[in-house]
Amino acid sequence: SRFATASCNCLGNTNIMNDIKKGIQYAFQTSNNMTLAMSGSGHTAMECAVFNIVEPGESVLVAINGIWGERVAEIAERMGAKVHTLFKTPGGHFTNAEIEQALAKHKPVLFFLTHGESSAGLVHPMDGVGDICHKYNCLLLVDSVASLGAAPILMDQQNIDILYTGSQKALNAPPGTAPVSFSERACHKMFNRKTKPVSYLLDMTHLSNYWGNDGKPERIYHHTGPVSGFFALRESLAIIAEMGLENSWSHHTEIAEYLWKGLEDLGLKLFIKDKDLRLPSVTTIAIPEGYDWKELLAYIMKHHRIEFTGGLGPSVGMVLRIGLMGYNCNKANAAMVLAALEDALKQCRKSKA
């Protein structure tokens, strides 16, 4: 095992934490010093970013084209920010011109965009967005929970100021840890606040020391981290580094394209029509006409022991979702999915309307 040592307290073995930091830097393609893993799910990193960057009364712009933008807008509103939104229905994406127009109008300190919108199965173009944000003295926050390791994202090259992901998707670790990284620009805003962040647990003043990122010689106890989760995260980051990011991206794309073709051969319509905008890790199918989507999912679970899901948040009733990511991403599983769907389409009732 790569885990040569164990500790009941993560601060007792800072080498593990240092390895995690290096692994995240590789996965994110960043040299940011302020790189760490949150003790919690992707929502924890989401709240950490908003709570530490934004002060009450400041303007925030949130791109909403699925559930994750909705969540960030509510989080920012709860902590007292002036929230402005860009809105598209699930499956829609924002042009750089639309983003720039909104930045010029609202002058936010932070702009949020979801890279991998899993509720709609969309991967959002990122090139140029960071440059536009910096033109308007705005920080760019990006959610890559469903996309990291499955679709290309390059934090430094694309001028992303805060990037976070979750451990349980393409990284393939158990849920409960959330990698996050802050640029120098983000750190300047974060550590020159007039008010303290609303959360003590997520206060980066403390977490930067906990992870050895503040330059101080001693790390001071802040909270008990998910030690087992950190060990697992370290292993998952080692696996993706050994595989290589480019190989991981191409593998997920290859399996997704195999699945997409099979679905179209069954006469099904993919929800995201533009192939370049499809999220490789989460495929969305437009609910086939005449079928009860809940009946389809129940049949597949009962007779094939495969769990599909419907939409999430605003996409409920619009799509069926299939996740193939990390260890689960292979042609054998994709073939089982296709066989199960073919059977369900034959056996489930279809209305005559």
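The basis for the numbers below is simple: all heavy atoms, side chains too, and nothing from hydrogens, waters or symmetry mates.
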**Message:** Using side-chain contact (heavy atoms from CB on, under 4.5 Å), reason through T89 and N65 one step at a time and then give a plain yes or no.
**Reply:** CA-CA 5 Å; T89 56; N65 60 342; over 6 Å; no
Within the 4.5 Å heavy-atom criterion, are [X] and [Y] side-chain neighbours or not?
X	Y	answer
L338	L259	yes
L270	T284	no
L202	T44	yes
F231	S236	no
H115	V145	no

Give a yes or no answer on whether the side chain of [X] reaches the backbone of [Y] with a donor-acceptor pair at less than 3.5 Å.
X	Y	value
S315	M318	no
K107	A104	yes
Q158	I160	no
R321	T309	no
Y210	H223	yes
D203	P197	no
R349	Y291	no
Q347	D343	no
S59	H106	yes
E58	E55	yes

**Asked** Going by atom types only, do Q25 and T30 share a side-chain donor-acceptor pair under 3.5 Å?
**Response**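 Not at all, the side chains of Q25 and T30 share no donor-acceptor pair under 3.5 Å.
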**Request:** Would you please say whether a donor-acceptor pair under 3.5 Å links the side chains of N52 and K189?
**Result:**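 K189 and N52 do not have a side-chain donor-acceptor pair below 3.5 Å.
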**Request:** Give a yes or no on whether N137 atom CG has more than 12 heavy-atom contacts from other residues, nucleotides or ligands under 6.0 Å away.
**Result:**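 Atom CG in N137 is not packed in, count stays at 12 or less.
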Which pair of non-hydrogen atoms, one from [X] and one from [Y], has the smallest distance, and what is that distance?
X	Y	result
A37	L233	CB-CD2, 3.6 Å
S167	P175	OG-CA, 3.6 Å
T35	K21	O-CG, 3.5 Å
T165	S144	OG1-O, 2.9 Å
A63	F94	CB-CE1, 3.6 Å
L141	V50	CD2-CG2, 4.2 Å

[atom2] on [Y] to [atom1] on [X], rounded to 0.5 Å:
X	Y	atom1	atom2	result
L345	L296	CG	CG	6.0 Å
M325	N333	CE	CG	12.0 Å
L297	L341	CG	CG	9.0 Å
C133	N159	SG	CG	9.5 Å
L122	E117	CG	CD	7.5 Å
L201	L207	CG	CG	7.0 Å

**Request:** Report the C-alpha separation of H124 and T114 in whole Å, then their side-chain angles, then the decisive distance to 0.1 Å, and conclude whether the side-chain contact (heavy atoms from CB on, under 4.5 Å) test is met.
**Result:** CA-CA 7 Å; H124 203 286; T114 309; over 6 Å; no
**Message:** Using a 6.0 Å distance limit plus a 45 degree cone around the ring axis, check whether R219 lies over the aromatic ring of W211.
**Reply:**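 Output no; distance or angle outside limits.
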**Request:** Might you work through the side chain to side chain donor-acceptor pair (under 3.5 Å) test for D214 and S208, ending with a clear yes or no?
**Result:** CA-CA 5 Å; D214 64 353; S208 61; 4.6 Å; no
**Prompt:** What pairs meet the salt bridge (Lys or Arg N to Asp or Glu O under 4.0 Å) rule with one or both residues in residues 75-92, with sequence neighbours excluded?
**Reply:**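 Sorted pair list: E74-R78, K88-E98.
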Hphob cluster co-occupancy, [X] + [Y], side-chain heavy atoms under 4.5 angstrom:
X	Y	value
V72	I99	yes
F87	I67	yes
L110	M190	yes
I240	V180	yes
Y164	F230	yes

**Prompt:** According to the side chain to side chain donor-acceptor pair (under 3.5 Å) rule, which pairs have a member within residues 243-259, sequence neighbours left out?
**Reply:**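 Qualifying pairs, neighbours excluded: E257-K275.
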**Item:** ring pair (Phe, Tyr, Trp, His ring centres under 6.0 Å) partners of residues 299-346, not counting sequence neighbours, each pair once
**Value:**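 Residue pairs with at least one partner in residues 299-346: Y299-H303.
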**Asked** Which is it for R278 and D274 under the salt bridge (Lys or Arg N to Asp or Glu O under 4.0 Å) test, yes or no, and what are the steps along the way?
**Response** CA-CA 7 Å; R278 293 175 191 160; D274 187 339; over 6 Å; no
**Item:** Carboxylate-amine/guanidinium contact K135 D131, below 4.0 Å
**Value:**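 D131 and K135: not salt-bridged.
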**Message:** Run N32 and S181 through side chain to side chain donor-acceptor pair (under 3.5 Å) and show every step you take.
**Reply:** CA-CA 7 Å; N32 290 337; S181 183; 3.1 Å; yes
**Request:** List the steps, then state whether ring pair (Phe, Tyr, Trp, His ring centres under 6.0 Å) holds for W68 with H43.
**Result:** CA-CA 9 Å; W68 307 119; H43 277 83; 5.6 Å; yes
**Request:** Answer with yes or no after comparing the ring centroid distance for H206 and H222 against a 6.0 Å cut-off, counting only values under it.
**Result:**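 Close enough - the centres of the two rings lie under 6.0 Å apart.
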**Item:** Stepwise side-chain contact (heavy atoms from CB on, under 4.5 Å) check, M17 with R234
**Value:** CA-CA 8 Å; M17 300 173 81; R234 174 178 177 261; over 6 Å; no
**Message:** Let's go through K269 and E264 carefully: what are the C-alpha distance in whole Å and the side-chain angles of both, what is the deciding distance for salt bridge (Lys or Arg N to Asp or Glu O under 4.0 Å) to 0.1 Å, and is it a yes or a no?
**Reply:** CA-CA 6 Å; K269 295 179 181 178; E264 289 174 333; over 6 Å; no
**Message:** If you apply the rule side-chain contact (heavy atoms from CB on, under 4.5 Å), what do you find for F111 with L103, and how did you get there?
**Reply:** CA-CA 8 Å; F111 172 55; L103 290 171; 4.1 Å; yes
